[in-house]
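Before I ask anything, let me first share the structure, which is written out below as structure tokens.
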Amino acid sequence: MQKKFLPKSIFFLFGTVLSIGLGFLYKDYIIKNFDLSVFGAFSFIISTISLISNYTSLGYKDSLIFFIPKYLSLEKPRKIFFHIKNTILINSIFLLIIFLCFIIIDEIFLFDSFVYKKFHHYKYYFFIILLLHSFILIGIEIINGFEKIHFSVLVEKILKWPIKFSFIIILLNAGYGFKGILFAEITSSILVFSFLLLIIYNITRSHDILTFNKTILSRLEESEKNYIKNIFSNNLLTSFNDYTITLIILFYTTYEELGVFSLLSSFAFFISIILISINSVLKPIISKLYARKDISAIEKYFKLSCKLNFLMTVPIFIIMYFFIDYIFIYMNLDISGSKVLFVLLIFGQLINALKGPVYITIRMMGYAKELKYINFFQLIINFVIFNLFISKYGLTGIGLSVLFSFIVQALVGSTFLYLRTKIHMYDKEYLVHVLLSMCSISILFFTLLITNVFDHDYGELWFLIIGMIVFFLTNFIYLNKKHNMLKFFSMMK
């Protein structure tokens, strides 16, 4: 089981770490060349572009990761071609409608006077970014559906970010100003899109999928239509949820504080990189297994994912918490409430990560309709708590809202998955190993405290290093016994 799952997860993890790290440096570099209010407004526009790009295919894009592995398993390449063709056509039609709106409505940015003054001259650049971004997302879903995730990671994460970051350094130093950011975004996206097209052509040709017919839009089965409608509704609710949160933050705070939140969120996001890697690899695997009705195999993947996620995520959280002061020194942030915000954000991301691949499992097992109701409930909860906390506590309120939002999300998702499928992450034997590792670290802490090691230079750092080694080894021993991890890693050499 690990032979297919772990190598792809590790490779995706590497790409994610690189992209998040360079993404953070990218944002930090922009902030050093522009003020926080400009960065906050730019982040707002980019989040709007991301929101729109999720709608342009009306849910067809997100159904690809479900249908491609399903029909590969059932050996129906013609059905795969139909889904890819429909997705591209619908996406193109809606992009054309959006482009006409850009031409007709000159004051497209009039919803905010600050954004209009700063960015209305660049609206066509933003449309090009939207166009490229929407097709890149489709390309990634197609490649991942064929379980060639290492190709999409190589292009979209490992190659894109170094290229984009290099371009922005060159262009800003050459005096291009804000246009330099847009040129870097567009150029890197064109290169990524070109590479993805080449990969998709080779993959589809090898599977004999490039078969053409006369009909423009192919007919779908009723079950396919329902799945796509529910996926579109889910994306609509999820994106609207994220966008609503941004609007609430702007309503009670400023673009500068939104910029602080965006910067700190990108750093706190490091905690969820293990879960993101696992989710991306699990999507096509679960879809394939569910097509065969192999629920027991899905449960095995789910439990292994949760254990690996816990083993790798907790150390990342502890290290990040330990180095908070150093992180803020590097970012040169002295805005009131920003450190408390960051602490709450990393705790929120920890809860989000440790819930495991709950929502991906729900979605890929065909519960798209039920997931829609869960997302609607989450939207209502978020609207209430974000308004309540931000209006009272400002920046700190943003952190509290994020923390409570992730707690509700984890509880609701885990409960639903267990009630419908009896799948859960609990493992009595593994829990014993976790508690054993915690006890070992506690004994180590009190031993160092009694011997006054913390009074010496780097005493806390030594505790952190030794504690992480104890935690990792204790839990890895269990995973090796249960899943023969050492044999697997020897096979990877």
Side-chain angles (χ1 to χ4, degrees), residues 1-9 59-84 86-87 141-149 203 207-209 218-235 275 278-309 355-375 412-427 482-483:
M1 182 172 67
Q2 296 101 300
K3 291 179 184 179
K4 292 173 64 179
F5 174 60
L6 288 175
K8 293 178 181 179
S9 297
Y60 278 76
K61 166 184 69 68
D62 299 279
S63 69
L64 292 173
I65 196 69
F66 180 80
F67 288 123
I68 290 175
K70 175 183 176 180
Y71 290 124
L72 276 176
S73 178
L74 300 174
E75 297 181 353
K76 293 182 178 180
R78 192 175 180 82
K79 295 285 288 184
I80 296 173
F81 172 74
F82 287 163
H83 279 286
I84 293 174
N86 288 348
T87 302
E141 292 297 308
I142 292 171
I143 294 170
N144 291 352
F146 284 101
E147 296 187 62
K148 304 292 183 183
I149 193 169
I203 292 172
H207 284 277
D208 195 28
I209 287 170
S218 303
R219 288 183 174 275
L220 300 175
E221 296 174 11
E222 196 62 33
S223 60
E224 293 173 334
K225 289 180 182 178
N226 289 335
Y227 184 83
I228 291 170
K229 286 177 184 176
N230 288 320
I231 282 295
F232 177 67
S233 300
N234 278 318
N235 285 340
L275 179 63
I278 289 170
N279 280 348
S280 298
V281 177
L282 269 182
K283 284 180 185 179
I285 294 173
I286 294 176
S287 178
K288 211 176 242 186
L289 291 172
Y290 186 70
R292 300 172 189 164
K293 303 300 178 185
D294 194 348
I295 307 301
S296 61
I298 294 174
E299 185 174 10
K300 288 177 183 177
Y301 271 101
F302 183 84
K303 288 196 171 184
L304 175 61
S305 301
C306 290
K307 292 166 189 173
L308 288 170
N309 184 42
K355 78 178 185 298
V358 168
Y359 283 91
I360 288 300
T361 306
I362 293 171
R363 175 177 158 185
M364 303 316 292
M365 289 182 72
Y367 292 108
K369 184 178 180 180
E370 291 81 356
L371 192 58
K372 177 174 64 178
Y373 299 128
I374 293 173
N375 285 332
V412 172
S414 300
T415 303
F416 175 84
L417 182 65
Y418 177 73
L419 291 175
R420 284 303 180 97
T421 66
K422 301 302 178 185
I423 294 175
H424 57 84
M425 67 176 69
Y426 178 71
D427 186 319
K482 197 85 172 176
H483 303 285

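Each residue takes its place number in the sequence, starting with 1.
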**Q.** Gap separating the NZ atom of K148 from the CD1 atom of I203, nearest 0.5 angstrom
**A.**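 Reported to 0.5 Å precision, the distance equals 6.5 Å.
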(Q) Quick check with a 6.0 Å cut-off and a 45 degree axis cone: is K293 positioned over the face of Y290's six-membered ring? (A)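 K293 over Y290 ring: yes.
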(Q) Consider side-chain contact (heavy atoms from CB on, under 4.5 Å). Of K300, K303, M365, which one does I423 pass it with? (A)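 For I423, the side-chain contact (heavy atoms from CB on, under 4.5 Å) check succeeds only for M365.
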Q) Do you know the tightest heavy-atom contact between R363 and L371? A)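 Taking R363 first and L371 second, the nearest heavy atoms are CB-CD2, 3.9 Å.
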Q) Say you draw a straight line from OG1 of T361 to CD of E299; how long is it, rounded to the nearest 0.5 Å? A)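 It comes to 10.5 Å.
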Q. Is a side-chain N or O of Y301 found less than 3.5 angstrom from the main chain of I285, in a donor-acceptor match?
A.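 Judged by distance alone, no pair lies under 3.5 Å.
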**Q.** Nearest non-hydrogen partners of I80 and I68, listed with the distance
**A.**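 Where I80 meets I68 most closely, the heavy atoms are CD1-O, 3.8 Å.
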(Q) As a quick check of understanding, evaluate side chain to side chain contact (heavy atoms under 4.5 Å, CB included) for V358 and F416, giving each step before the final call. (A) CA-CA 9 Å; V358 168; F416 175 84; over 6 Å; no
Q) For C306 and G356, which heavy atoms make the closest approach, and how far apart are they? A)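 Closest approach of C306 to G356, heavy atoms only: SG-CA, 4.2 Å.
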(Q) Which label fits H83 and F67: parallel for a plane angle under 30°, tilted from 30 to 60°, or perpendicular past 60°? (A)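 If you compare the ring of H83 with that of F67, the planes turn out parallel.
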Q: Answer yes or no: is there a side-chain heavy-atom contact under 4.5 Å between D294 and S296?
A: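 They are in contact (side-chain heavy atoms under 4.5 Å apart), so the answer is yes.
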Q: For the residue pair F302 and I286, establish whether any side-chain heavy-atom pair is separated by less than 4.5 Å.
A: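 Sidechains of I286 and F302: no contact.
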**Q.** Gap separating the CG atom of L417 from the OH atom of Y367, nearest 0.5 angstrom
**A.**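 Taking CG in L417 and OH in Y367, the distance rounds to 8.5 Å.
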Q: Quick one: closest heavy-atom pair of E370 and R420, and the distance?
A: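 Result for this residue pair: OE2-NH1, 3.4 Å.
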Q: Could you pull out the closest heavy-atom pair between P69 and L64, with the gap in Å?
A: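 P69 and L64 have their closest heavy atoms at CD-O, 3.8 Å.
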